[in-house]
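Here's the structure, in structure tokens; my notes come after.
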Amino acid sequence: MEAIHPANIDMGLTRVGEVARRLGVTTLPCKVITVGGTNGKGTSCAMAASILMAQGYRVGVYSSPHLLRFTERVRVNGTELADQAHCEAFAAVETARGDISLTFFEFATLAALWQFARANLDVLLLEVGLGGRLDATNVVESDVAVTTSIALDHCDWLGDTRERVAVEKAGIYRAGKPAISGEPEPPATIASEAMRIGAHLRQVGHDFRGETRELGWDYHGLNTYLNLPLPSLPLMNAVTVLAALESLDLPLGEAAIREGLASATLAGRLQLLQQSPTVYVDVAHNPHSAAYLAKRLRQMPCAGVRRAVVGMLKDKDMAGSLAELKGLIGQWHLATLGGPRGASASQLQLALGEEATCHDSVMEAYRLALAQSDPLDMVIVFGSFYTVADVLAGHEQKES
């Protein structure tokens, strides 16, 4: 798949759209919610799927990137499909594309859609890969489009201002269909793009909102008021998810909402790996997600030393991301990430501007951080999906 197209990222819908039409997957026999945004896409899909499954619906989720297995990208009712199902989908895409070249993500997305079209779903949640307007997921006609947060990331492709990024993210909106914006401080271009497209825009803080209380939170939506317990995943995304599900026009009871929010989890999002010392992994990889990680860490007192194991891609805002965690970390372990996009430990050291220990690999950094830790210490691994994947793979191997 990686060898078919000369570029890993090649924005545009002409090639992937033509193959999608040949496969018959531009319109699917189920309700479709497309979820875009800078951060929060994965957790939003996880919460929405959990709620819908609690109501008894058959739900598909397409997500990326994967952490340990390619099959993580395609799930039906929370279960990954068999390798054989993916191989059949690959063969179908390979036949349909003819001499059209596809990027890895385009090929993977078409293979996923081919499987979902045959899965007898009630609802499909499509997580946008990059941007929205020109992302491969945007070949599908959706019933509800969601944008979570709007922040600077992938500036080379999406623009270097929030206004420009918002235009790309809002490209998943559809004429005459609900468009849900969960960004609390939206650039003006969110509303102007929705108006240009003809979408029915609902914005957090105006058309729906969530209010925290001492022991829970209140949701105020379309003729809806709910008093709910706090979820383990980000509350800001839970608010947006409920607005999206309200707009989906499917029966949904309060019991399913409560059960779904309480049980929703997602690998790599402040995921607890062990205790004594405590180890968390988190895929935070830009200033916006790093700021949220810092907020959560402040709510989790550490009686000992808090150590960070960090590996990042060099096309990310390394300095901005690391700055969000300064003052919370007692010892830094910086790791070189492999591959053409991986940043070296020395590049991370320069971006951090503080004393740190540099390592040739994530696992070398992680092992030393663990070896230096006492039972009351905490180790937080973050910076990239690749960083978290390395540690999860090592942990899984150790457990087995």
Side-chain angles (χ1 to χ4, degrees), residues 30-35 37 39-63 67 71-81 116 119-127 142-146 148-149 178 180 182 202 204 207-273 280 282-283 292 296 299-300:
C30 61
K31 297 280 190 181
V32 177
I33 304 176
T34 303
V35 182
N39 297 300
K41 300 184 292 291
T43 51
S44 295
C45 287
M47 284 187 279
S50 185
I51 292 168
L52 290 164
M53 286 189 291
Q55 186 65 44
Y57 293 115
R58 185 168 169 82
V59 184
V61 177
Y62 178 57
S63 63
L67 286 168
T71 53
E72 294 169 22
R73 294 170 179 249
V74 179
R75 299 185 300 279
V76 173
N77 274 9
T79 302
E80 296 171 28
L81 302 188
F116 287 132
N120 193 30
L121 300 179
D122 296 306
V123 183
L124 172 60
L125 291 147
L126 279 178
E127 180 186 334
S142 64
D143 298 279
V144 178
V146 178
T148 53
S149 60
I180 311 300
R202 296 180 61 210
V204 69
D207 306 293
F208 62 94
R209 69 185 191 278
E211 296 174 350
T212 56
R213 293 175 291 99
E214 187 175 350
L215 298 175
W217 68 289
D218 299 325
Y219 173 74
H220 300 266
L222 278 173
N223 304 314
T224 303
Y225 168 77
L226 295 172
N227 175 240
L228 300 163
L230 289 169
S232 60
L233 294 175
L235 178 62
M236 65 187 93
N237 297 330
V239 176
T240 306
V241 161
L242 292 189
L245 294 179
E246 273 189 304
S247 302
L248 191 60
D249 194 27
L250 278 180
L252 200 61
E254 183 176 340
I257 293 172
R258 287 176 169 275
E259 180 185 340
L261 287 178
S263 60
T265 59
L266 190 61
R269 277 68 170 185
L270 207 60
Q271 179 181 349
L272 177 65
L273 285 194
Y280 286 98
D282 193 275
V283 296
Y292 180 75
R296 291 296 304 273
Q299 299 166 349
M300 300 159 56

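Treat the numbers as computed from the prediction; the structure is a model and nothing was measured.
A heavy-atom distance below 4.5 Å is found between the side chains of Val146 and Thr240. Between Leu121 and Val59 the shortest side-chain heavy-atom distance does not fall below 4.5 Å. Taking the side chain as every heavy atom from C-beta outward, Leu242 and Ile257 approach each other to under 4.5 Å. The shortest side-chain heavy-atom distance between Leu81 and Val76 falls under the 4.5 Å cut-off. Taking 4.5 Å as the limit, every side-chain heavy atom of Tyr62 sits out of range of all side-chain heavy atoms of Leu125.
A distance of 6.0 Å separates CG of Leu245 from CG of Leu252, quoted to the nearest 0.5 Å. Note that CG of Leu126 is 13.0 Å distant from NZ of Lys41, once rounded to the nearest 0.5 Å. Here the straight-line distance linking atom CG of Asp143 with atom SG of Cys30 works out to 8.0 Å at 0.5 Å rounding.
Residue pairs meeting the ring-ring contact (aromatic ring centres under 6.0 Å, His included) criterion with at least one member in residues 220-258, sequence neighbours excluded, are His220-Tyr225. Annotation: side-chain hydrogen bond (donor to acceptor under 3.5 Å, both in side chains) contacts involving residues 264-273, sequence neighbours excluded, are absent. Applying the side-chain hydrogen bond (donor to acceptor under 3.5 Å, both in side chains) test to pairs two or more places apart or on separate chains, those with a residue in residues 49-58 are Ser50-Ser263.
Heavy atoms only, all atoms of each residue included: Phe116 and Arg75 are closest at CE2-O, 3.7 Å. Taking each heavy atom of Thr148 and Ser44 in turn, the nearest pair found is CG2-OG, 3.5 Å. Taking each heavy atom of Met53 and Gly78 in turn, the nearest pair found is SD-N, 3.8 Å. Closest heavy-atom contact between Ala256 and Ala54: O-CB, 3.6 Å.
Taking a 6.0 Å sphere around CD of Glu214, one finds it holds 12 or fewer heavy atoms contributed by other residues, nucleotides or ligands. In the displayed structure, Asn77 atom CG is contacted under 6.0 Å by more than 12 heavy atoms of other residues, nucleotides or ligands.
Partners of Tyr280 by side chain to side chain donor-acceptor pair (under 3.5 Å), not counting sequence neighbours: none found. For the side chain to side chain donor-acceptor pair (under 3.5 Å) test, residues two or more places apart in sequence or in another chain that qualify with Glu254 are Arg258. Checked against side-chain contact (heavy atoms from CB on, under 4.5 Å), Glu246 has the following partners two or more places apart in sequence or in another chain: Arg202, Tyr219, Leu222, Thr224.
Between Glu211 and Arg209 there is a salt bridge, with a side-chain nitrogen of the basic residue lying less than 4.0 Å from a carboxylate oxygen of the acidic one.
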Item to complete: Go through the steps to decide whether Asp122 and Lys31 satisfy the test salt bridge (Lys or Arg N to Asp or Glu O under 4.0 Å), and finish with yes or no.
Response: CA-CA 6 Å; Asp122 296 306; Lys31 297 280 190 181; over 6 Å; no
Item to complete: Could you check Ile180 against Val144 for side-chain contact (heavy atoms from CB on, under 4.5 Å), going step by step and ending with a plain yes or no?
Response: CA-CA 8 Å; Ile180 311 300; Val144 178; 4.0 Å; yes
Practice prompt. Step by step, work out the side-chain contact (heavy atoms from CB on, under 4.5 Å) result for Leu124 and Ile33.
Written response: CA-CA 6 Å; Leu124 172 60; Ile33 304 176; over 6 Å; no
Practice prompt. Could you please spell out the steps behind the side-chain contact (heavy atoms from CB on, under 4.5 Å) verdict for Ile51 and Leu261?
Written response: CA-CA 6 Å; Ile51 292 168; Leu261 287 178; 3.9 Å; yes
Item to complete: Give the C-alpha distance, both sets of side-chain angles, the deciding distance and a yes or no for side-chain contact (heavy atoms from CB on, under 4.5 Å) between Val61 and Glu127.
Response: CA-CA 8 Å; Val61 177; Glu127 180 186 334; 5.9 Å; no
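Side-chain atoms of Trp217 never come within 3.5 Å of backbone atoms of Leu235 as a donor-acceptor pair (strictly under, hydrogens ignored). Ser149 places a side-chain N or O within donor-acceptor distance of the main-chain N or O of Asn39, the cut-off being under 3.5 Å.
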